[in-house]
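What follows is a set of notes on a single structure, which appears directly below.
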Amino acid sequence: MTLQEVLDRKLAEIIPRLLQGVVADLRTLSIVHSWEFSAIHLPASFPLLRDLTVCGPPPTLPVPNSRGRSVNGDIVSPQPCFPTLQSLHVVGWNLSFVGWQHHAPQMVLLRLSDLSPSANALPNELHASLGSHDLYATTWTSCRLLQHVRLQLKKPPEYCGLYRDAEQKSFLRQLTRVQTRPSIQLEFMKDRRYSSGY
């Protein structure tokens with residue numbers, strides 16, 4: 001076992017315990033970690049967390065499934081992990097939005113950065129979740145409070161070739177076609193931060 005593997009294993013044990021010790025009082029949390037290190041296992045609930053940034057593999061969120069059924073057969077959704085979260089920023093190339101809409105029902109601002117065409121389901125997820133109709137209404141809590149969605153695509157390398165360039169343009173075209181409710185502002189960012197710093 002290499003030194004890096006030993007450190008990764010130790011961190012995988014320590015970080016959840018550290019978070020468990022402060023989770024009841026945490027209001028803001030930024031997790032920045034390497035893609036080589038697997039997703040961090042978070043405590044089941046962050047009762048007061050209002051602002052979350054994740055750069056690296058996003059945490060695995062519990063989702064409703066056929067095994068989570070009540071006595072009458074209805075799907076039982078897990079309790080939201082982030083019941084008071086208002087601002088979410090996830091940096092990563094292959095992202096999904098589906099789990100977040102259930103686990104952050106108070107979300108007002110959603111920002112997804114460094115998106116790439118490998119997040120190919122994202123345009124359909126956003127359209128279904130944020131549009132005037134909600135295809136997931138029977139399973140997921142829709143984002144009723146969401147007001148602002150910022151999307152920033154990862155710039156492809158200059159040497160990526162015609163196929164990658166066409167793939168990137170197609171992905172951007174799909175995202176720009178997402179129709180949201182009038183109450184939600186959809187914004188596309190060219191760079192990861194504004195000139196003013198955010």
Side-chain angles (χ1 to χ4, degrees), residues 1 3-71 74-115 118-119 121-122 125-126 129-130 134 136-152 192 198:
M1 186 177 296
L3 177 60
Q4 185 63 52
E5 291 170 333
V6 171
L7 288 174
D8 287 351
R9 183 173 287 178
K10 202 59 146 163
L11 281 173
E13 295 170 8
I14 293 171
I15 292 174
R17 284 188 295 176
L18 174 68
L19 288 172
Q20 191 63 48
V22 298
V23 73
D25 298 314
L26 214 53
R27 305 272 193 302
T28 300
L29 177 62
S30 294
I31 300 172
V32 180
H33 63 104
S34 168
W35 283 97
E36 288 78 23
F37 186 67
S38 61
I40 294 174
H41 297 285
L42 298 177
S45 179
F46 288 78
L48 301 176
L49 192 68
R50 296 174 60 88
D51 188 6
L52 174 64
T53 298
V54 178
C55 182
T60 304
L61 302 171
V63 294
N65 60 38
S66 59
R67 282 181 245 143
R69 293 191 177 269
S70 67
V71 177
D74 294 334
I75 293 176
V76 176
S77 296
Q79 289 296 315
C81 294
F82 310 101
T84 60
L85 190 72
Q86 293 183 343
S87 176
L88 173 64
H89 182 192
V90 182
V91 181
W93 48 273
N94 185 11
L95 300 174
S96 175
F97 173 65
V98 172
W100 290 108
Q101 60 183 329
H102 170 78
H103 287 288
Q106 302 294 314
M107 189 179 356
V108 175
L109 171 65
L110 170 66
R111 181 170 169 188
L112 303 176
S113 299
D114 278 358
L115 294 171
S118 59
L122 185 63
E125 291 175 3
L126 290 172
S129 303
L130 308 179
D134 189 350
Y136 297 111
T138 58
T139 309
W140 303 102
T141 303
S142 61
C143 299
R144 290 174 181 71
L145 302 177
L146 193 61
Q147 298 172 8
H148 199 146
V149 177
R150 289 186 179 131
L151 303 175
Q152 182 262 319
R192 206 186 272 180
Y198 179 67

Review point. Sequence neighbours excluded, which residues qualify as side-chain hydrogen bond (donor to acceptor under 3.5 Å, both in side chains) partners of Ser118?
Key: Ser116

Practice item. Show your working on side-chain contact (heavy atoms from CB on, under 4.5 Å) between Leu115 and Leu122 and close with a plain yes or no. Key: CA-CA 9 Å; Leu115 294 171; Leu122 185 63; 3.7 Å; yes

If we only count heavy atoms from C-beta on, is the [X] to [Y] side-chain gap below 4.5 Å?
| X | Y | answer |
| --- | --- | --- |
| Val54 | Val91 | no |
| Gln101 | Glu125 | no |
| Leu29 | Leu19 | yes |
| Pro80 | Pro105 | yes |
| Leu110 | Leu151 | no |
| Val149 | Arg111 | no |

Revision key, fill the gap. Across all chains, not counting sequence neighbours, the ring pair (Phe, Tyr, Trp, His ring centres under 6.0 Å) partners of Phe82 are Phe46, Trp100

Check your understanding: side-chain contact (heavy atoms from CB on, under 4.5 Å) with His89: which of Ser30, Cys55, Ser113?
Key -> Ser113

**Study point:** Approximate separation, where rounding is to 0.5 Å, of Leu52 CG and Ile31 CD1
**Key:** 6.0 Å

Review point. In Å, rounded to the nearest 0.5 Å, how long is the span from CZ of Arg50 to CD of Gln86?
Key: 3.5 Å

Exercise for review: With sequence neighbours excluded, tell me which residues meet side-chain contact (heavy atoms from CB on, under 4.5 Å) with Gln20.
Suggested key: Val23, Pro43

Exercise for review: Output all residues satisfying side-chain contact (heavy atoms from CB on, under 4.5 Å) with Ile14, sequence neighbours left out; order by chain, then residue number.
Suggested key: Lys10, Arg17

Which heavy atom in [X] sits nearest to a heavy atom in [Y], and how many Å separate them?
| X | Y | answer |
| --- | --- | --- |
| His102 | Gln79 | NE2-C, 4.2 Å |
| Pro83 | Ser45 | CD-OG, 4.3 Å |
| Met107 | Leu88 | SD-CB, 3.9 Å |
| Val108 | Leu146 | O-CD1, 3.3 Å |

Checking [X] side chain against [Y] main chain: does a donor-acceptor pair fall under 3.5 Å?
| X | Y | value |
| --- | --- | --- |
| Gln152 | Asp114 | yes |
| Arg150 | His148 | no |
| Thr84 | Leu49 | yes |

